[in-house]
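Scroll down for the structure; my scribbles are underneath it.
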Amino acid sequence: MLKNLILSSYLVIIFVTAHAQQTNSKVEQLLKKMTLEEKIGMIHANSSFTSAGVPRLGIPELTTSDGPHGVRPEHGRDWTLDNNGKDFSTYLPVGITLASTWNPKLGYSFGSVLGSEAAYRGKDVILGPGINIMRTPLNGRNFEYLSEDPYLISKMAVGYIKGVQDQGVSACVKHFIANNQEKYRSGINVEMSERALREIYLPGFKAAVADGDVNTVMGAYNKFRGEFCTYNDYLVNQILKGEWNFKGVVMSDWGAIHTTKDALLGGADLEMGSDLRMLPNPDYNKFFFADAALKMVKSGEVAESVIDDKVRRILTVMYKTHMFAKRKPGNLNSAEHVAIAKKVAEEGIILLQNKDAILPFNKNKIKSIAVIGANANRENAMGGGSSQVRAPYEITPLKGLQNIVGNKIKIRYEQGYTVARNAEANTEMIKNAVEAARTSDVVILVGGWTHGFDYSVWEDNAFDAEGKDKESMNLPFGQDELIKAVAEVNRNTVVVLYGGGPADLTSWVNQVKGVIQAGYPGQEGGNALAEIIFGDVNPSGKLTVTFPRKLADVPAHKLGEYPGDSINVHYNDDIFVGYRYYDTYKVEPLFPFGHGLSYTKFEYSNLSVINDNGVVKIKLLIKNIGDKAGAEVVQLYVKDEKSSVKRPEKELKGFEKISLPSGESKTVVFDLKKDAFSFYDENKKQWVLESGSFDIMVGSSSKDIRVRKAVQL
Ligand code: BGC
């Protein structure tokens, strides 16, 4: 048996190596046949989302598309939105909601939907996942990203990437690196310590390369230590292509290259974007990687081998994704894709607060519901910027609730507030909402963030939006006043928050019984939400980002700088991002990282921790002691009890989501290797494990540790 296994693994290695060698020689043969002009044509955009091929040699164009949670509507070669209605695709939950499932297998399914739909729509590269660290709640693109924690990001991103690439389409992990704010994104220089870089900002990208085998990486708009990220010699040549041996393509964000020679030598392979000022006829020959590059190679200022390396990478990715052969046709909005979108929403919506077990609502007892809030009746798919999706339909919360209650329960809807620029509390609307709340058994108030006002106008994307950050953590449009007034007359109020992360909830959170964080749960989101509210689905999502009490508590704002002085921003918060800060500096969050409630209860017991020759083997028993089936995210944190450098109070080093019927138990095991206990030593310039005692903590959130034991290393 073992012999067979060894033999078959050996054969797989031989096959993979032989295949890679074949690809290499095909690439080299093509390269030899190409003129310099043809090579140059392949390293810069030739339309809004494509770069040129070489028809005479059968090399196709490379076609990219956003984005992270659905294939973007067609913008044509000239950025003219195609309005023939045939460019729809499945609107999946956004990144933050996907990550809230804490289920890498769902990450894979999610990626496979994207890959399949991209293939169907004729795309070669999907511009996702977006994995920048959530450093401040104000970042306008947090909704597209995954978490404040690099370990969780790594696990979710790898699943996503493999899902996309197994469909024969490339994923593109972005934005490499430190695009942690939209404000000043196109030029701000980020300064951080080497330790913060290694421990917080790089691991997700490293996992994407080392474990996900991602085909392409998108450089960030911003600078890092004085040089633009896309051609930052240290980041791209030394770390990404050097230390990590990345063999794929580094493409620029759209318009992120600003020079020729440094960018060619700094490791950028493909210049993307369009000079929008030149629309409708951008001259792509004026690109930095076009005529200017050609001239430099011809004059000998830049060696042709530099260009060859870039073309070699592009061709290799083309072979890897079968662009020269017949590809899988893919599928669009199939029943299976819709089911995956729904499943991600079911597992990604988070129950944050459930006083007096107000949820789930009982269909047989409740006679009337007041549904309040503009977000209850608002579609989101086309908002947010480049990640927009034209959904075939979108189930809003109101529709989802109507679907589930039919005519059994009376629903009265009141908008409560207006989504409009500078809109403030509206007395008349609040009065109507209060009246609905007063005359109904329960209230579901759906508010939170929106992408913006009018999605057809880029500048109107205001909150969860590309190119802009939120101005504060306070909910807009007078929502605090509305919620307080409603809760005053009906204590059975559940607030559902849409949006890409935390808001300041402190002025009303104690007055309402339920709070649900829905993120942006995609085209099936309203159905999933309604099923959670009525208990047909038991919630199992967990926060991937801390909900602080107030903005002033956030480490980026308290210890570090945000947004910087428009030229530089210093990350003096260092490695103390998210719960690493709140725990270590004893700042009480409103809802901690990893938090999320269920309608059942889980018991943690029998923890055993053994150091087996440097591998720490952890085993424990989880039992569902409630009366409903449910899923729990078992979270494993590690603390170094004594260290020569300041280390966080705890760090996530493992998690597993398990489903258990009522009354049943399951053993969960984790194996932790040396890297789980190490820190990045700036003097030694390497990861270091200092022997001594480490705490192993396992729990239901970062604050709800149920069992712990020390281990000597
Ligand atoms: C965004 C990228 C996106 C690209 C193409 C840029 O503005 O930052 O995330 O993939 O546009 O739409």
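In each ligand, atom 1 is the first atom listed, and ligand 1 is the first ligand listed.
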Which residue from Val125, Asp66, Asp253 reaches closest to atom 12 (O) of ligand 1 through any of its heavy atoms? Asp66
With a 6.0 Å cut-off (strictly less than), is the heavy-atom count around NZ of Lys39, excluding the residue itself, greater than 12?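 Buried by this count: over 12 neighbours within 6.0 Å.
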Taking OH in Tyr284 as the centre, count heavy atoms belonging to other residues, nucleotides or ligands within less than 6.0 Å. Is the count above 12?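 Counting other residues, nucleotides and ligands, OH of Tyr284 exceeds 12 neighbours.
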At a non-hydrogen distance cut-off of under 4.0 Å, which region of Arg185 contacts ligand 1 (side chain, backbone, both, or neither)?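 Just the side chain.
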Identify, by atom number and element, the atoms of ligand 1 in contact range of [X], meaning under 4.0 Å from any of its heavy atoms.
| X | answer |
| --- | --- |
| Phe49 | 5 (C), 12 (O) |
| His175 | 2 (C), 8 (O), 9 (O) |
| Tyr221 | 6 (C), 7 (O), 8 (O) |
| Glu466 | 1 (C), 6 (C), 7 (O), 8 (O) |

Lys223 to Phe228, cation-pi by 6.0 Å centre distance and 45° axis angle: yes
Lys/Arg cation over aromatic Tyr498: Arg378, 6.0 Å, 45° cone: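 That pair does not qualify as a cation-pi contact.
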May I ask whether Glu144 places a heavy atom under 4.0 Å from ligand 1? no
contact_flag Met272 ligand 1 heavy-atom lt 4.0 Å: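 For ligand 1, residue contact (heavy atoms, under 4.0 Å) with Met272 is absent.
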Evaluation steps, ring pair (Phe, Tyr, Trp, His ring centres under 6.0 Å), between Phe593 and Trp102: CA-CA 12 Å; Phe593 175 81; Trp102 291 61; 5.4 Å; yes
Does an N or O from Trp254, backbone or side chain, lie closer than 3.5 Å to an N or O of ligand 1? no
Is the shortest distance from a Lys or Arg side-chain nitrogen in Arg580 or Glu199 to a carboxylate oxygen in the other one below 4.0 Å?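 Not counted as a salt bridge, because no side-chain N and carboxylate O are separated by less than 4.0 Å.
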Measuring from atom CG of Asn215 to atom CE of Met318, what distance do you get when rounded to the nearest 0.5 angstrom?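 Taking CG in Asn215 and CE in Met318, the distance rounds to 12.0 Å.
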